[in-house]
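Below, chain A is the first sequence line, B the second, and so on; all start at residue 1.
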Amino acid sequence: MNKPVRVRYAPSPTGFPHVGNIRTALFNWLFARHNNGKFILRIEDTDVSRKVEGALDSILTSLKWLGLDFDEGPGIGGPYGPYFQSQRLDIYRSTAEKLIAGGYAYYCFCSPERLDSMRQEQAKLKQPPGYDRRCRNLGKEEISKLKAEGITPVVRFKIPLEGQTVFNDIIRGDVVFENSTQDDFVLLKSDGFPTYHLANIVDDHLMEVSHVLRADEWLSSTPRHVLLYQAMGYEAPLFAHLPIILGPDRSKLSKRHGTTSLMEFKKQGYLSEAMVNFLALLGWSLDEKTEIMSRKDLVDNFSLERVGKTGAIFNLEKLTWMNGTYIRALRENELVSRAIPFLEETLPAEVKRPLSRELIKLIVPLVRERVRTLKEFADMSDFFFMEIPEYSTSLLLGKGIKNKETALMAVQRAHGGIEQLAKFDATSLEGLLRPLSEQIGIKTGDFFGLLRIAVTGRMVAPPLFQTMAVMGKDKCLKCLDSAIKKLITLK
RNA sequence: GCCCCCAUCGUCUAGUGGUUAGGACGACGGCCCUUCAAGCCGUUAACAGGGAUUCGAAUUCCCUUGGGGGUACCA
């Protein structure tokens with residue numbers, strides 16, 4: 001109980017981490033940091049067939065993006081390495097042999113085909129599927145004979161035939177399994193690689209992991225792990241099975257639920273700090289009201305006691321809202337820096353690069369309150385960078401002013417007034433345009449709406465005068481010219 | 001089928017025997033207003049069902065139902 005806290009995130013490199021995986025990483029990291037412990041990254045690459053190229057990179061990138069730094073692991077090493085299971089094969093093999101010698105495990109020569117037909121048979125007879133333990137009591141001669149035939153066996157664990165396995169889960173309390181319902185699972189595959197169960201237990205022990213915080217889907221294999229620890233004479237770590245993150249249909253999160261890959265959220269313009277905050281609240285809460293919490297708040301307050309038991313649906317709406325509040329809270333310069341990559345991505349090639357930081361800085365106060373993601377930031381501000389906005393002429397005669405002549409007159413009057421404006425700022429523009437609206441007898445809403453289209457090409461944009469001020473006199477005039485032409489040529 | 005876990009507004013959740021069951025997202029309405037947002041105010045909406053214990057249950061126990069996970073030489 002007084003052992004130093006050492007926890008690990010142990011993904012297998014079989015794909016890009018999705019928000020569920022990474023939430024597990026986050027909880028481990030928070031727990032480690034809160035307790036001044038160590039956070040270890042261990043790569044469980046024991047399934048050669050499922051290995052995906054680039055998966056390791058994406059794991060590293062994901063952790064880095066969220067700022068989940070690890071103390072030991074790939075790239076940085078550590079006193080308990082190597083941190084790739086594929087580089088620890090000898091350890092698992094010798095452990096398996098020890099287990100066999102001790103009578104806790106045995107060689108199994110059954111072919112995949114036999115296992116398969118056995119399962120089909122069991123399914124037909126409505127019996128619980130499971131290995132029938134044919135090889136459990138093979139004699140020495142039989143074993144050598146089968147080996148001589150060239151069959152490479154797997155190693156299976158000998159589940160006690162009777163009794164029960166009990167363990168205490170920090171989140172769920174005591175959990176009891178009847179040993180009779182457990183299968184003689186495989187420890188070592190015929191390709192010489194260990195299964196998750198073996199490798200995981202061996203490494204957690206060797207790496208002195210104190211707490212295993214993992215997703216709930218592992219709960220039902222925990223008795224196997226407990227039995228393994230016992231067989232090996234190891235002290236088991238403490239377990240905490242975290243509630244699972246579900247898709248909108250309440251099933252385990254997977255690709256078919258759309259955007260689930262963490263880095264996809266980055267691409268969509270979500271901030272990592274919002275992501276961390278949001279993910280932390282998926283299964284954990286501080287109290288009855290706190291929503292927005294900094295990384296430090298989270299580290300300071302995180303505790304397993306306040307982790308819930310129920311699976312949580314990933315609520316994109318709420319994440320988006322939270323992201324908006326984080327964007328609004330960003331310092332101006334910071335938001336500029338963060339928005340630039342998205343503008344680079346969104347803006348057409350004609351817009352000359354590098355983009356002007358000065359201009360973006362002027363745009364920030366105008367769009368900050370109107371966007372929830374950085375992508376929306378880019379989408380909303382593209383017209384600031386274009387010469388003349390593109391839009392359909394019909395927009396000019398949209399909802400307010402239906403009459404072509406009236407619209408034309410209004411734009412011309414605005415053009416004339418602006419041309420003579422000495423000072424081109426929001427206040428002067430308002431001083432000019434508001435009275436003008438009355439002079440020409442058009443409601444301000446309609447008049448400003450018309451100008452908004454002319455200047456931005458959109459019906460929805462930041463406040464008109466400020467927008468125009470940022471755009472500058474020349475450009476505004478050009479836009480108005482263009483609108484006038486459009487109206488004239490309109491039949 | 002079998003094993004395990006879970007069960008409060010649509011969603012994320014607070015709540016550990018006595019609360020008008022609280023907050024947040026969303027939705028809806030209002031204020032503000034040149035559009036859209038933001039902000040502020042308000043409305044909507046939940047203890048799955050049934051027993052038991054108790055003076056008193058969202059809170060404890062049991063059953064039912066529902067949901068999820070597992071049941072691989074995947075993790």
Give L464(A) one of three labels, base, sugar-phosphate or nothing, depending on what nucleic acid heavy atoms sit under 4.0 Å from its own.
base
Does V176(A) reach a base, just sugar-phosphate, or nothing at all? Heavy atoms under 4.0 Å.
sugar-phosphate
Between rA58(B) and rU20(B) - P atom distance, rounded Å:
13 Å
If you look at every strand shown and take non-hydrogen atoms under 4.0 Å, does A312(A) touch a base, only sugar-phosphate, or nothing?
sugar-phosphate
If you measure from the P atom in rG30(B) to the same atom in rU16(B), how many Å do you get, rounded?
38 Å
Is there a donor on the side chain of R172(A) or the base of rC5(B) sitting less than 3.5 Å from an acceptor on the other?
no
Is K289(A) close enough to rU13(B) that one of its side-chain N or O atoms is under 4.0 Å from OP1 or OP2 there?
no
Test the R306(A)-F302(A) pair against the cation-pi criterion, namely NZ or CZ under 6.0 angstrom from the six-membered ring centroid and within 45° of the ring axis.
no
Determine, for R133(A) against D184(A), whether the closest basic-nitrogen to carboxylate-oxygen distance falls under 4.0 angstrom.
yes
When the C1' atoms of rU71(B) and rG10(B) are considered, how many whole Å apart are they?
33 Å
R458(A) near the nucleic acid: base, sugar-phosphate alone, or nothing, with a heavy-atom cut-off under 4.0 Å?
nothing
Minimum-distance nucleotide to V154(A) side chain [options: rA75(B), rG69(B), rC73(B)]
rC73(B)
Between rG23(B), rU71(B), rU13(B), spot the one nearest the side chain of K318(A), thanks.
rG23(B)
Distance between C1' atoms of rG69(B) and rA75(B) (Å, rounded)
14 Å
NA contact type, R306(A), heavy-atom cut-off 4.0 Å: base, sugar-phosphate, or nothing?
sugar-phosphate
If you measure from the C1' atom in rA37(B) to the same atom in rG70(B), how many Å do you get, rounded?
47 Å
Base, sugar-phosphate, or nothing: which does Y196(A) touch, judged by heavy atoms less than 4.0 Å apart?
base
For T46(A), report the nucleic acid contact type (base, sugar-phosphate, nothing); a contact means any heavy atom under 4.0 Å.
sugar-phosphate
If you look at every strand shown and take non-hydrogen atoms under 4.0 Å, does F465(A) touch a base, only sugar-phosphate, or nothing?
base
Closer than 4.0 Å, any side-chain N/O of S285(A) to the OP1 or OP2 of rA14(B)?
yes
Determine the Euclidean distance between corresponding P atoms of rC62(B) and rC73(B); express it in Å to zero decimal places.
35 Å
Between atom CG in L316(A) and atom P in rC25(B), what is the gap in whole Å?
15 Å
Do we get R224(A) above F157(A)'s six-membered ring, with its NZ or CZ under 6.0 Å from the centre and within 45° of the axis?
no
Between T24(A) and N21(A), is there a side-chain donor-acceptor contact under 3.5 Å, judged purely by atom types and distance?
no
What's R328(A) touching, base or sugar-phosphate or nothing? Going by heavy atoms closer than 4.0 Å.
sugar-phosphate
Answer yes or no: does a side-chain N or O of R119(A) lie under 4.0 Å from OP1 or OP2 of rA72(B)?
yes
Interatomic distance, L246(A) CG vs rG66(B) C1' [rounded to whole Å]
14 Å
From C-beta outward on E317(A), which listed nucleotide comes closest to its side chain: rG26(B), rU8(B), rC12(B)?
rG26(B)
What's N315(A) touching, base or sugar-phosphate or nothing? Going by heavy atoms closer than 4.0 Å.
base
Distance between the P atoms of rC36(B) and rA14(B), in whole angstroms?
37 Å
If the threshold is 4.0 Å, N to carboxylate O, is there a salt bridge linking D132(A) and R114(A)?
yes
Base, sugar-phosphate or nothing for P462(A)? Non-hydrogen atoms, less than 4.0 Å.
base
Between R214(A) and T222(A), do the side chains contain a donor N or O and an acceptor N or O under 3.5 Å apart?
yes
Classify the angle between the aromatic ring planes of Y107(A) and F109(A) as parallel (below 30°), tilted (30 to 60°) or perpendicular (above 60°).
tilted
Would you say K189(A) places a side-chain N or O within less than 4.0 Å of OP1 or OP2 belonging to rA75(B)?
yes
With sugar-phosphate meaning primed atoms plus P, OP1 and OP2, does G283(A) contact a base, only sugar-phosphate, or nothing at under 4.0 Å between heavy atoms?
sugar-phosphate
For W321(A) and rG10(B), give me the distance from atom CH2 to atom P, rounded to whole Å.
20 Å
For rA75(B), take OP1 and OP2 only and decide whether either is under 4.0 Å from a side-chain N or O of R50(A).
no
Any side-chain donor-acceptor pair under 3.5 Å between N323(A) and T320(A)?
no
Please classify the nucleic acid contact of S190(A) as base, sugar-phosphate, or nothing, using heavy-atom distances under 4.0 Å.
base
Which whole number of Å gives the distance between the P atom of rU43(B) and that of rG22(B)?
11 Å
Base, sugar-phosphate, or nothing: which does K443(A) touch, judged by heavy atoms less than 4.0 Å apart?
nothing
Mark yes or no for a side-chain to base donor-acceptor pair under 3.5 Å between S220(A) and rC3(B), with no hydrogen or angle criteria applied.
no
Measure from the side-chain heavy atoms of T310(A) and tell me the nearest of rU35(B), rC6(B), rG70(B).
rC6(B)
